[in-house]
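Report on one structure; see the data block that follows.
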Amino acid sequence: MPGVVVVQLPDGSSKELPRGATALDLAESIGRRLAKDAVAARLDGREVDLSTELPDGAVVSIVTSSSEEGRAVLRHSSAHVLAQAVLRLWPGAHYAIGPVIENGFYYDFELPGGASFSDDDLVRIEAVMREIMAEDQPFIRHEHTIEEGLELFDDQPFKVEIIEAVGAGSEEVDADPNAPDAVVSTYWNAPTFTDLCRGPHVPATSRLGHFKLMRVAGAYWRGDEHRPQLQRIYGTAFESEKALAEHLERLEEAERRDHRKLGAELDLFSFPEEIGSGLAVFHPKGGTIRRLMEDYSRQRHVEAGYEFVNSPHISKAQLFETSGHLGWFADGMFPPMELDGGQQYYLKPMNCPFHILIFKARQRSYRELPMRLFEFGTVYRYEKSGVVHGLTRVRGMTQDDAHIFCSREQMAAELDSLLTFVLDLLGQFGLDDFYLELSTRPPGKAVGSEEDWEEATATLEAVARSRDLEMVLDEGGGAFYGPKISVQARDAIGRTHQMSTIQLDFQEPQRFEMEYIGADNVRHRPIMIHRALFGSIERFMAILIEHYAGALPTWLSPEQVRVLPVRDDHADYAYKLLDELKAAGVRASVDSASEPLGARIRRARHLEKLPYVLVVGDDDVAAATVGVNRRGESSPERGVAFADFLEDLLVEVAERATTTLAGARDQAR
RNA sequence: GCCUGGGUAGCUCAGUCGGUAGAGCAGCGCACUCGUAAUGCGCAGGUCAGGAGUUCGAAUCUCCUCCCAGGCUCCA
C-alpha cells in the first residue's frame, strides 16, 4: 500500500503509519507519555535512534528512559556531553572511549601536555555539561567510509586507532545495513563536536541532566599497562533526580557498611602502619568472631570426613619450583630469604605443595581415597601496593584450605558432594543467594595438555549445571594449574562477592609424581581438588560484616548480652545474672550505673550493635525478671522471666539463627 | 607498579598570609544513682605520618620515603 507502512509492536499488535514516519512518530501515535519517556527504539532487534525511519513490516519497540536499556542510552549520551565539555575546557585534548558501565559511564582523555584532572575540575566540567544540555544540541548520526573517518579524526590518535581496527575487521561493525560502504558512524553535536559512536543516542542534549560526575582516575589505554595511561572521569546518570538521589543513597548505604569503617568502630581489627600494608591484627572482639567461624568450620569439616593437617609458613625454593609456583606465580610471591649458605627460602603463597608432600610421605592405597586434608593455612602474597584493600585484599591471610586426592572415577561424585557442602556451610552464615562462575583455561599461562584441561572443565561444568543455580562463564579466568568453579554470593544490599573456589588439578599430581596403588595392584595417579570455602577467613569476615552492617547474628557476636543495672543497688542482681549467663556459655558483661541508663543503652545497642541488652531495676530484682531489648526492635519487652530469656537465647545460638535482613538494615542507620 | 586525592590527639575534624596547635567525642578523676538513642565539672592527651631542604622562623613552601582512599592492571 503506497503512502503507509505497517509495523509490528512488542505486544503483537500492528500499527499503520505514513511512509517516512520515524520511531518517535510511532511513540507519539501511541501516547504522549511514551513519547516523552522515549530515548531510543529497537528496530528488528537493533537499537536505533528515535529519528530512524521505520521500514514497512518492521518489528519495533520503544526504549524508555527508566528501563536499564534506556538508562544506558542516557549514560552514553551523557558521556558524549562529558567529552564535549572537556574539549571546550582543554582545547587540543584527545578523547579515547566513553562506554556505559554498571550504574554509570566513564570517558578516557589525554590532556595537552600530559596534564591531569583534579577533583575541582569535575565541578567546572559539570558546569559546562549543564551549559551544553541547556543549548539543546541535537545528536545527528552520519555514516562514513573508513577513509572519511580517518580524515575526520586525523588529529585524534585514539579514534584513528579504533577506526583502523574497524577497517582491519577486528572491531565490531554496526553500521546501517542499507549503506554498505559506510562502515563507521559518528554523532555530531552542534556546533563543533563529533564523536565516533555506534549509538543510539537521545535526540538532543536537553533530554539529559540528571547526572553527576563521581571521580577521576588513571586508566591504561585499552586496559594495557604497557600503553599510555589516560585520565578517566567516572559519572552516572539517571532518568530523574529522584532515581539519581536513590542511587547516591545506595552508595552511602554501602559506605556505612564498609567493613574497614565498622572494623575500627566495633574494635575488631586494625592495620598498624608499623607492620606493613595489607597485614592485619585482630583485636579481642575480631578474634572472637574469627574463632567462632573457625570452630564451626572445623566441626563441619570433621563431619564431612576431612583430616586435619599442619604445615610451615616457609619452604625451600625447590618445592615451589616443582609445584610450578616460581614459574607461574612468582610475581605474587614475597622475594626469597637466603639461609644456610645461599639456600633460598620462600614464604608460602599457597598450601597445596605441603599437602601433596603429606600424601607422598608414604605409599598410598586406593583404600585411603578420597583423602581430604584440611588446614587453616596462613599464606603470604606480594600484592602490588595499589591493590590492597581492607580485609578483602591483603598480603597475609588464612585460608580454610583443603586438598582432596581421589581417583578419576571418584572425581565427579566428590565434586558434587563438595558443592552441597559449600552451599550449606555458606547458608549457615546467612548467605543464601548464589550463582556459580566457571573459570576456564587462562591463555598463555596454563600448564598441562589441552585434553586434561578439557576433561577437567567438562567435569566441573557438569557438576555445576546439575544445580538449580545460575551459572556464568569466566573465559580464561582459571588458575595456571586448572579450571575452577567459584561460588558468588549476593549480600544484603545486592552486591556480589566471590566466596568459595573449587579448583580441579591434573597438573600438580604429575609434577610431584603422586601415585597410589589401585585395586588392580598397579600404580595410578590421583586427581587433586583444591578448595577453600570461606576463601580467606579475613575476606569472609569482611563480607559478613558488610552483609550484616556490623550487626552479626547472635551466635557470631563477640558480645551477645549486656546487663544494665538501673541503679547501683541493682548491681548485685546484674552480676548474679552475668554469672548464670557465663555458666551457660553466653558472652556477656555488666555495664554499671555510673552513667545514665540512656547513655549505656545507646552505647550497647546502637554503637556496639549488641543483639541483646537487659535492663534490670526494682521490679526485676523482686520478680527474677529482666527488661529485654532485642536488636532491631524499637521498644523493650519488660518483665521477661530471666530463665525464659536464657532458654530462648540458647536455642537461637544453637540454631545459628541469622538476624533478619530488615533488622540488619535498621542497624546500619 | 601506575594515575588522582589524602595523612593534624585513640576517633571525627578546624587551623587565615609561613610567626612554635584547637574543638567535639573517646580516655582518666570526682560528683551524680537515673527504667530505655549522649549527666555535670575537672584533668590529661601532639616529634602536625617519617626524613631532608628553603627560611630569622615550617602543620603551612619544595623534594624523598612510608601509609590510606578511589580507580587502572591484578586477584582469595
Side-chain angles (χ1 to χ4, degrees), chain A residues 106 108 114 116-122 214-234 255 258 260-261 264-265 267 270-279 329 331-332 349-350 379 381-395 397-401 439 477 479 484 486 497-501 503 530 532-540 542-543 564-571 592-607 613-620 626-629 634-639 669:
Chain A
Y106 67 80
D108 286 347
S116 51
F117 296 117
S118 70
D119 287 347
D120 296 338
D121 290 334
L122 291 187
M214 305 299 287
R215 56 180 56 98
V216 295
Y220 300 104
W221 169 233
R222 304 238 147 168
D224 182 342
E225 63 179 311
H226 303 296
R227 307 200 63 178
Q229 184 155 34
L230 307 178
Q231 292 284 309
R232 175 171 298 177
I233 295 178
Y234 284 93
E255 219 169 285
D258 191 314
R260 293 164 302 183
K261 186 170 175 281
E265 284 173 9
D267 195 19
S270 60
F271 293 88
E273 218 178 285
E274 294 86 337
I275 300 177
S277 181
L279 298 165
F329 197 72
D331 285 351
M350 294 187 194
V379 298
R381 297 186 186 173
Y382 179 69
E383 300 291 351
K384 289 190 286 183
S385 66
V387 310
V388 295
H389 178 94
L391 286 179
T392 61
R393 204 62 193 281
V394 292
R395 284 179 169 171
M397 60 169 159
T398 301
Q399 296 180 306
D400 61 329
D401 204 5
S439 303
K484 70 177 180 193
S486 55
H497 305 276
Q498 176 169 322
M499 315 291 303
S500 317
T501 57
Q503 300 178 319
H530 306 240
L533 307 191
F534 292 155
S536 82
I537 297 174
E538 290 82 358
R539 164 181 283 187
F540 194 75
I543 291 167
L564 308 183
V566 173
R567 285 190 318 270
D568 274 350
D569 51 324
H570 306 123
S592 71
S594 59
E595 279 175 285
L597 186 61
R600 290 179 284 151
I601 290 275
R602 173 175 178 267
R603 183 165 55 236
R605 293 193 65 176
H606 306 286
L607 300 182
V613 178
L614 303 183
V615 174
V616 293
D618 291 333
D619 302 349
D620 300 296
V626 292
V628 180
N629 293 271
S634 53
S635 54
E637 187 183 356
R638 294 277 296 270
R669 298 185 187 280

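Below, all heavy atoms of this structure are taken into account, side chains as well, without hydrogens, waters or symmetry copies.
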Kindly give the atom pairs (protein nitrogen or oxygen, nucleotide nitrogen or oxygen) under 3.5 Å for nucleotides 66-68 of chain B.
unit_1: B:C68; atom_1: OP1; unit_2: A:Ser277; atom_2: OG; d: 3.2
unit_1: B:C68; atom_1: OP2; unit_2: A:Ser277; atom_2: OG; d: 2.9

Between [N] and [M], how far is it from one [atom1] atom to the other, in whole Å?
N	M	atom1	result
B:A38	B:A26	C1'	12 Å
B:G50	B:C11	P	14 Å
B:C61	B:G18	P	8 Å

Pairing nucleotide - [N], Watson-Crick or G-U, each distance under 3.5 Å:
N	result
B:C25	B:G10
B:C63	B:G51
B:G46	none
B:U16	none
B:C72	B:G1
B:G40	B:C30

Looking only at B:C74, B:A37, B:U33, the nucleotide nearest the A:Ile601 side chain is B:A37

Looking only at B:A37, B:G70, B:U39, the nucleotide nearest the A:Glu595 side chain is B:U39

Contacts of A:Val626 and A:Arg215 projected onto RNA chain B by closest heavy atom; the upstream (5') one is A:Val626

* Polar pair under 3.5 Å, donor/acceptor by atom type, side chain A:Glu383, base B:A76 -> yes

Sorted by chain and number, sequence neighbours left out, salt bridge (charged side-chain N to carboxylate O under 4.0 Å, His left out) with A:Asp108 holds for A:Arg232

The salt bridge (charged side-chain N to carboxylate O under 4.0 Å, His left out) partners of A:Lys261 (sequence neighbours excluded) come to A:Glu265

How would you label the contact of [X] with the nucleic acid (heavy atoms, under 4.0 Å): base, sugar-phosphate, or nothing?
X	answer
A:Val379	nothing
A:His389	sugar-phosphate
A:Phe117	sugar-phosphate

In whole angstroms, the gap separating P of B:U33 from CG of A:Asp569 amounts to 11 Å

